[in-house]
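Worksheet: the structure to be examined is printed underneath.
Below, chains carry the letters A, B, ... as their sequence lines are ordered, and counting in each starts from 1.
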Amino acid sequence: MSVIKANNIHKTYTETAVPVHALNGVTLSVEEGEFTAIVGPSGCGKTTLLNILGGLDTPTEGTVEVANTDITGMNDNQLINFRLQNIGFVFQAYNLIPVLTNKENVEFIMLLQKWPRQEREQRAMELLAQMGIADKANQRPSELSGGQQQRVAVARALASKPKFILADEPTANLDSKSTANLLDMMAQLNKEEQATFVFSTHDQRVIDKARRVITLEDGKIVADITR
Amino acid sequence: MLVKIAWKNVWRSRSRSLVVIGSIIVGVWALLFGSGFMNGFLVSYMANIINHDISNIQIHNPKFKQDFDVRYFIANGKAKAAAVRQWPGVRGATTRTIVSGMISSPKKAAGVQIRGVDLKNEALVTRLDSMVAEGTYFTGIKRNPIIIGSRMAENLGVKLRSKVVLTFNDGHGNITAGAFRIVGIVESSSVAISETYAFVRQQDLTKLVALGDIVHEIAILTQPQTDEAAIITRYRQTYNHDLVESWRELAPELAVMNEMYGNMLYVLMGIILTALVFGIVNTMLMAVLERFRELGMLMAVGMNKARVYLMIMIETVFLGVAGAPIGLLAGWLTIYYFRMHGVDLSNYSEGLEAFGYSALLYPYLDNQVYFIVTLGVVVTALVSALYPAWKAIKLKPVEALHKL
């Protein structure tokens, strides 16, 4: 079953003196449980595509369906609510809430979804344990290493069991050991929780782990390989 | 959780928040103390005039105040005053016989309002006895003693035991005169008492007026916190032919000053709170701008605009009201201290007393002012939150996430 269906996506930025065509007719679908990397050189449109798939940005042309719902016509508030219920995000710069503990960060989206407190805390602790940082639950993000912070971010993204997780260059700020650990854990979660991951990356280690690699160049898909 | 995040966010930049909180403390303190100081002036001025001169309520024959003709006295004045003294809320009521005339010393003459007073009740109502700075309160001179103000004594070139002559029209229109000897000189910040009035015993004056035991004025001093209107209504219902006036009608300038003070409080509050708005907005804008990426992330992961808006509002209100209790307490303590000890303005006392103010000022604030200021700070914080919160929800997550 397709979790994401993107059909003939175009994105043109007109704020600049010369219009920039970031995406030129991208069509793809992502099935449930996939572990997919979108790769390509800088400026090829990876992040733009990820933003559009995640409902953070709107295409100039084309449609995006997530879990059989067309999100392209939604307004800001509808999109925010849709993202809350369906999509998990992992950002390059972790983007954790610095004033909350790691456990509270993981709980945050469940809290917005109004999960009961006990279930929320139990789920947060389970995920932190799966990520190997249960002992850091009551610490603040600033007390963790970059790799550990990104693990908290992955736990946060997974916490509410979204339809899929979008990760924009999740390993860009990590050393090789942290990258390897994070990728192993994400692969494990992909298997155990049937979580669908879509990455944008140009990190070869991520590409090696992915079971499907979509290559973008100049805003177009030039290769789509499933291994 | 929103409240928790908002509270923790306040302390993210501790020094910046402390500067704003400090300015709120100082602002609230200054507002309270400034208002208390101004109110102290007003209360002192009004208390001087009401407690030592005009009293809370005065009663006259309706025609008397048109030309101060001695024939227009209050019928059964003494009996009415005696009855009023028994009413609840009345601290004292005294009767006066009033005549306009001339006072002459061997050196000079001047216009004067001669007030024949009931010694015991006058002391109770206006504390005239306590104002006697030289001499005594009608003791020591048996025949025709008189008390005058210090300025009048100076103008006439007289001192204690000097003889003065009072000249006026009696109740039959004849010019009459009486020789009086100065038994006391009063000091008062009231210009009327110090320069215009001369006090004699009621029986000495009525003898010269020759209309019997007449009364032109009943002055009523009420208990603190008593509703004057209730006493006025009762008097009008009981004795409906007399003119009954409250201090507001007797001294409209006091009522205007009272109203002006109320307005000044709001003006002062407006100025200080407006300055605080700018400080709070500035701080919160900085807080929002430096958290663009985080706010973008919150919206990206599903925190709706209403919640983001509410979070910034709560944060701003926390910042605004965190200092208010300390400012309120500091203001209350300062006012309490000076209310007990007074602010010594004796360096300026001559000028102040010329305007009817006391040299020792006791700041005072009604409890409701503390409530109004608290409300003002909360409203200020809410108003200050509007722009930063609006700025926060206007940002697009996709752009905010990529801000450096």
Stepwise side-chain contact (heavy atoms from CB on, under 4.5 Å) check, B/Val301 with A/Leu84 = CA-CA 6 Å; B/Val301 300; A/Leu84 174 65; over 6 Å; no
Pair A/Asp76-B/Lys305, side-chain contact (heavy atoms from CB on, under 4.5 Å): steps then yes or no = CA-CA 9 Å; A/Asp76 282 357; B/Lys305 290 184 176 187; 3.1 Å; yes
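Within 6.0 Å of atom CD in B/Glu259, 12 or fewer heavy atoms from other residues, nucleotides or ligands are found, so the atom counts as exposed in its surroundings. Within 6.0 Å of NZ on A/Lys220 lie no more than 12 heavy atoms contributed by other residues, nucleotides or ligands. Counting heavy atoms of neighbouring residues, nucleotides and ligands inside a 6.0 Å radius, atom OH of A/Tyr13 exceeds 12 of them. Counting non-hydrogen atoms of other residues, nucleotides and ligands closer than 6.0 Å to CG of B/Asn263 gives a total above 12. Other residues, nucleotides and ligands place more than 12 heavy atoms under 6.0 Å from the CE atom of A/Met125. At most 12 non-hydrogen atoms from other residues, nucleotides or ligands lie less than 6.0 angstrom from NE2 of A/His202.
Heavy-atom distances place both the backbone and the side chain of A/Glu104 under 4.5 Å from chain B. Contacts between B/Arg291 and chain A at a heavy-atom distance below 4.5 Å are absent for every atom of the residue. Heavy-atom distances place the side chain of B/Leu298, and not its backbone, under 4.5 Å from chain A.
Contacts with chain B were tallied for A/Pro98, A/Gly88, A/Ser160, A/Pro162; A/Pro98 has the most, counting heavy-atom pairs under 4.5 Å.
The shortest side-chain heavy-atom distance between A/Phe108 and B/Met303 falls under the 4.5 Å cut-off. Side-chain contact between B/Asn304 and A/Asn81 is absent, with no heavy-atom pair separated by less than 4.5 Å.
Side-chain atoms of A/Arg83 come within 3.5 Å of backbone N or O of B/Ala300 as a donor-acceptor pair.
When the heavy atoms of residues 109-124 of chain A are compared with those of chain B, the residues falling under 4.5 Å are A/Ile109, A/Leu111, A/Leu112, A/Lys114, listed by number. Listed by sequence position, A/Thr47, A/Asn51, A/Leu56, A/Asp57 are the residues of residues 43-66 of chain A in contact with chain B, using a 4.5 angstrom heavy-atom cutoff.
A side chain to side chain contact (heavy atoms under 4.5 Å, CB included) with B/Glu294 holds for exactly one of A/Leu96, A/Val99, A/Ile97; it is A/Ile97.
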